[in-house]
Amino acid sequence: MHAFEWMSPQGIESAARAATTTVAAAMVSERGEPDDEAALLKAGGIDLLDLMKEGLLRPRRLINLRDIAGLERIEEVDGGLRIGPNVTLSQLAAHEQVRMRFRALAEAAGTSASPQIRHLATLGGNLLQRPRCWYLRSRAHHCTRKGGDTCFAFDGENQYHAIFDHKGCAIVHPSTCATALVAFDARLEITGPAGTRRGVSVEDFFLLPEADVHRENTLAAGEIVTAIWLPAPPETARSLHVKHCQTESFDWPLADAAVMLEVADGICRKAAIVLGAAAPAPHRARAAEAALTGQRLGEALIRTAARAALQGAAPLSKNGYKLVIFETLVRRALLAAAAS
Amino acid sequence: MVMRGNTSPHARSRTPCVTGEAVGPGAVPITLEVNGILRALPVCPGATLAEVLRDQLQLTGTKIACDRGACSACTVRLNGTPVCSCMVLAIEVNGAKIDTIEGVAGETLHPVQAAFLEHDAIQCGFCTPGLIMSCVALLESTPHPSEEEVKAALGGHLCRCGTYPHVIAAVLHAAQTSKRRP
Amino acid sequence: MSDKIGVRSLPAGIAGVSVGQIERRVGADEAPALAPNARLRCIGQPTARINGHAKVTGQATYTVDVKLPGMLHARILRSPYPHARILALDTGPAECAPGVRAVHVIEHPIGRAIEIDAAPQSGPAGRELRYVGDPIAAIAAITPAAAQAALERIRIEYQPLPFVIDIEAARKADAPRVFDHTVRTEVFGGPATQLPQHGNVHGPDASASRGDAAAGLAGAEVIVEGEFRTQVQTHCCLEPHALVADWRDEGLTVYISTQFTAGIRAELAAALGLPLARVRVVVDAMGGGFGSKSRIGNDVLAAVALSRAALAPVRLVLARDEEQIDSGNRPATVQHIRAGARRDGTLTAVAIEAYGTAGVALGAGVGNFAQSIYDCRDFSLEQSDVFINAGPGCAMRAPGNVPGAFAYEQIIDELAERLALDPLALRERIDSSPVRREERRIGAERFGWSRRQPPGSAPGVHKRGLGMAQSHWPALVHTNCACEVRILRDGSVEVRSSVQDIGTGIGTVLAQVVAEELGLTPGEIVVRIGDTNFPAGPPSYGSRTTASLTPPARNAAYQALRKLLAAIAPTLDTTPEKLTMRNGRINTADGRHSIDFREAARRLSTEQIGAVASRSDDYGGFGRRTGDFAFARNALGGVQFAEVTVDTETGRVRLERVLAVHDCGRPINPRQIESQVHGGILQGISYALFEERILDAHTGHMLNANLEQYRILRSREAPAIEVHVLENYQGNSATDAYGIAEPAIIATAPAIANAVYNAIGVRMRTLPMTPAAVLSALGRLPQRS
């Protein structure tokens, strides 16, 4: 890795003020040279170090967020949970309340990467990590997302790319925790350099390429995700997260899905169905949700809903198989959720 | 599977200059408690824990094979928790307790090491130190794991020689024998 | 003990079936007949690795751990283009960069096909770069970071040229040429006849053909046919390619992660014009090779040149992406097979057209599998190499035979179905190997082969299937191979050879063999290997290490013992021929004296005695000898059975169980053999289901040049594996031992493919069998508009 400076502030505002830009912006350039004056925020650092080792980022300074007290806590607030961004994926997966009431999130966190990485990676960093698109992560490809004018995936190796919403760029969002958080209508608390706070739903936080092809979310320079809020779910809610990887040991999913159902007397009162590894942002399968809502859950209905989850899908040349896997995954997840 | 309790491995670490002043890019003094011995040393902010252990502390039992957290050959324990030392900056774990393969055996081999020998859970051996660090940590947090739990705990490790069947047998055996120990 | 040359009676046959005796003419210095394993103390016993303690405690020294005083660090500048010409190169700015001690420009790269008539090129300008990662120059500096930074200061002007990375596109007449001139033909294990080359296609080589396949097919009662495609697999050794080159006035020492210390020494001496005696090659612990660390590469020559220029040791360790793009790979193949048979199952004719690509290298053939494994009168094999702008392939565990068996064992499975024969029953007709017959019998029984249902008949979504396939690999012996045994005055014993332990445990095997002969325990033998200061040992490739080295090790021990007896006989008032050794004690014929080994050694008048033995020919002779190695008359085999579950809604193939029955002559360390068979099977599963190099059509770059998106089987993909190893005595050498590493991988992928066919009733003719490929084969992919 190149040489850089290190700073480890104790306060959120001083950290926010020290950051000059975001990781995404530091990777955008005219000719494929990363910003070498950037001062970047670092939490777990898993994605950041990866990008730096690949020469895709060359920050002048890193600003460590892990010495800021209070960002590593999970607290119960108003029946929901307030999760600090420095909570590791291991802590999240092991947390009693998360496992009992937000099962999909515990499952997503607990099956990411490997135990060794989950012990280091934070929830905040997981949400903000950059896509795994191998063109984005190659210095040899100056792609649209880095300021170039080509998405190489469209007529290239797109077997792991998006089947929805890939206008101009076909990345898939890599965070499985994000898939789960959207299903719970989670919100983020974001603090700016002046200490100002804004709230945004996780769903709205993520951006599609047509909104901005250079970044995956609305985070601005100097902003820090300071909390992830999970509203209290109804007593009858049941959720789970499922994913399909080529290898179960250690792999990015070909497809993942989070489902959350509120069921009373066999009737589905509310359904959230979110697909991951499907689109540049967590993809809410609204047609599938609508198919279930107000209906009596049964196998035929669930089959219909699973098919509806693929409504609007536009597979690329090499990823049509994802439709079959998603349909299976959603159906199996719904059946399991309905039976639980 | 639940790996460990609710503390982050960083809980006991404090990075230098928490006052917020920038340091580096030259070397910055830190201390690490490595295998029970307090070590003070200068590290560059860009140096990973794996590099510092190997190049500055001569603890070459920790291996670097992918340098991206994808093979777990570099697994050490950070405040008790197994982590990929290639994805940790040494500067950010100032003050932490680090355990490496060199510190696993006492006067005799640790039961996991002995079981690796007995079951021939070794071929080229390059991934072995990392595997042993994970297995030792697993048996501390889950003294009697199922085969599936062992496989899940080892999911991040890459062994190209294919020792997995013997590694799994060795861990299950070590768990059994440690049951009989006081 | 007898010094007479003559006939000796040796055990022959398969233990548990029938072991008789075979008479062989044996040389005077050969150790006496060795009993079957059941009557031995050390050989045949599961024995813990002698270097295991060092490996489980982190004390083992790998090449990447070697540190020398004043050591510099080197990095390599590589081509960013798949095909380009260097117009100008200026290393000046790099030479005066901070910390830089030497710069070396690679003008004549090795490790690729060599053009016959190319105009001689001098200086870097004009050199053609033929793949992304093609090495251009190397820099040694005081830190790796300084070397890396200096690389960026080399000024280089490229002229990008048209390139081709797809094997089908490369075959076309108008495809961009990877080489402008015909390249020199190379053939494994024999003199080559120069083959034709048209465009990027070099070949075909039809030298393995016999009889008249066309006529045979015309007369066949049943014909099956298929086209099979296999992918590029990369070695992914956990320890990267690494060396420390230390050039000094008195000679060159190279510490290197290698599979062949003696071979590296010979190659370096030849390349540098140095006497062999001035080159020393050393490796202690070695982190895997699988074929990719067999020879010197551009990295080795560059590090040596840098050390020579800087007058300091130079360390060069490849980064993981360099490993993936420029340290060799298993070539891709396309095989079209037609097989004809009579209705009774007699295989009458086989015609195979194969082409493959090893990038810019030769060697993409399909091995000797199809031509050797089954009886077939009329056989034709036409195989060609196709050049593409990609990193050079090289040997990888059972080169050729792995893709060859994937195709051929599926065709045989298909033929069995067409003939309404059980796949095992068909093999009874066409496979004349008595060893594999026994292996099939054992395997079928223990696996429960009778549970197998008709193809595609499994009910439900998750379909279970059983399949089997066979393995065939030539038994190779490295004849340029020696071993020394020394007995020291305190009774300690050393065994010395330049052989390297790449993880297979040859050191432990040597200790067992020598201990057996001297009446000691393996732990009492000091094993000194991995250094060309010792007698030149064999390579660790070709499954030939144990077969080559254990006979001279045993003979050296035997000869050293005879010297010991000769030396001490006077002290026991007797003559050497009246001394016998039994259970570690030396006894006089009259029974008056009996002393143990240590006491005997103490009576030596010199500090030590010893003997060096070279590999003698197999007692029954070799089938064929070529250069430094020979083909034994026997071959190595094996039979593997696989049970899979296919999720027909996601396309996932899951291995439930693999059972393997193998033979390697006399097994010496069953525990290590089991480990190696596990390794072969797990690499085979990984090849069958997950691994694939993916090149980008836009740029020629490998997109998954890491260990994350290049998927490899790990703990949760490893099925239950049962291994059974026969004791197959043939009376061929002082140990009668052969290898196992390669036979263990050959049958795995086709056994899985046959099991998948049995599960879903659809043949998977392309590797890897990904979810996308399986769903596609099942006809479940959505139709594209």
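Naming convention: chains lettered A, B, ... in sequence-line order (proteins, then strands); numbering from 1 in each chain.
Within residues 155-171 of chain B, the residues having any heavy atom less than 4.5 Å from a heavy atom of chain C are, in residue-number order, B:G155, B:G156, B:H157, B:L158, B:R160, B:C161, B:G162, B:Y164, B:P165, B:H166.
For C:S292, the side-chain contact (heavy atoms from CB on, under 4.5 Å) test picks out C:H235, C:C237, C:H241, C:C394, with sequence neighbours left out. With sequence neighbours excluded, the residues forming a ring-ring contact (aromatic ring centres under 6.0 Å, His included) with B:H119 are B:H173, listed by chain and number. With sequence neighbours excluded, the residues forming a salt bridge (charged side-chain N to carboxylate O under 4.0 Å, His left out) with B:K63 are C:D65, listed by chain and number.
In this structure, the side chains of C:E674 and B:D120 stay at 4.5 Å or more apart for every pair of heavy atoms. For the pair B:D55 and C:K67, the minimum side-chain heavy-atom distance is below 4.5 Å. With a 4.5 Å cut-off on side-chain heavy atoms, B:R54 and C:V64 count as touching. Contact of the B:T60 side chain with the C:Y62 side chain is not registered, since no non-hydrogen atoms from C-beta on lie closer than 4.5 Å. Side chains of B:L109 and C:T57 form a contact here, defined as non-hydrogen atoms less than 4.5 Å apart.
Chain C forms more heavy-atom pairs under 4.5 Å with one residue of B:G125, B:A121, B:C127 than with any other, namely B:G125. The residue among C:G503, C:G58, C:S715, C:P719 with the most heavy atom pairs within less than 4.5 Å of chain B is C:S715. Chosen from C:A48, C:S675, C:P46, the residue pairing most often with chain B at heavy-atom distances under 4.5 Å is C:S675. Comparing C:R671, C:E708, C:R716 by heavy-atom pairs within less than 4.5 Å of chain B, the highest count is held by C:R671. Highest contact tally toward chain B, considering only C:E323, C:R397, C:Q672, is held by C:Q672 [criterion: heavy-atom pairs under 4.5 Å]. Annotation: maximal heavy-atom pairing with chain C below 4.5 Å, among B:A73, B:A70, B:A105, B:G61, occurs at B:A70.
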Query raised in the report: Passes side chain to side chain contact (heavy atoms under 4.5 Å, CB included), B:E102 versus C:Q59? Steps please.
Result: CA-CA 7 Å; B:E102 287 88 349; C:Q59 302 304 317; 3.8 Å; yes
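Between the side chain of C:K55 and the main chain of B:P129, no donor-acceptor pair closer than 3.5 Å is present. Looking only at distances, no side-chain donor or acceptor of C:R714 sits under 3.5 Å from a matching main-chain atom of B:L154. Side chain of C:E239 to main chain of B:A65: no donor-acceptor pair is present (N/O by atom type, distance under 3.5 Å, no hydrogens or angles).
Contacts of C:T504 with chain B are absent, with no heavy-atom separation under 4.5 Å from either backbone or side chain. Residue C:A285: no heavy atom, backbone or side chain, is found under 4.5 Å from chain B. With a threshold of 4.5 angstrom between heavy atoms, C:L713 approaches chain B through its backbone and through its side chain. Heavy-atom distances place the side chain of C:S686, and not its backbone, under 4.5 Å from chain B. Only the side chain of B:I132 comes within less than 4.5 Å of a heavy atom of chain C; its backbone N, CA, C and O stay farther away. Residue contact with chain C, scored on non-hydrogen atoms closer than 4.5 Å, involves the backbone and the side chain of B:L117 alike.
Evaluated for a side chain to side chain contact (heavy atoms under 4.5 Å, CB included) with B:C66, the options C:L707, C:N706, C:D321 yield exactly one hit, C:L707.
When all heavy atoms of B:C71 and C:L238 are compared, the pair lying nearest together is SG-CD1, 4.4 Å. The nearest pair of heavy atoms linking B:C124 to C:G288 is CB-N, 3.5 Å.
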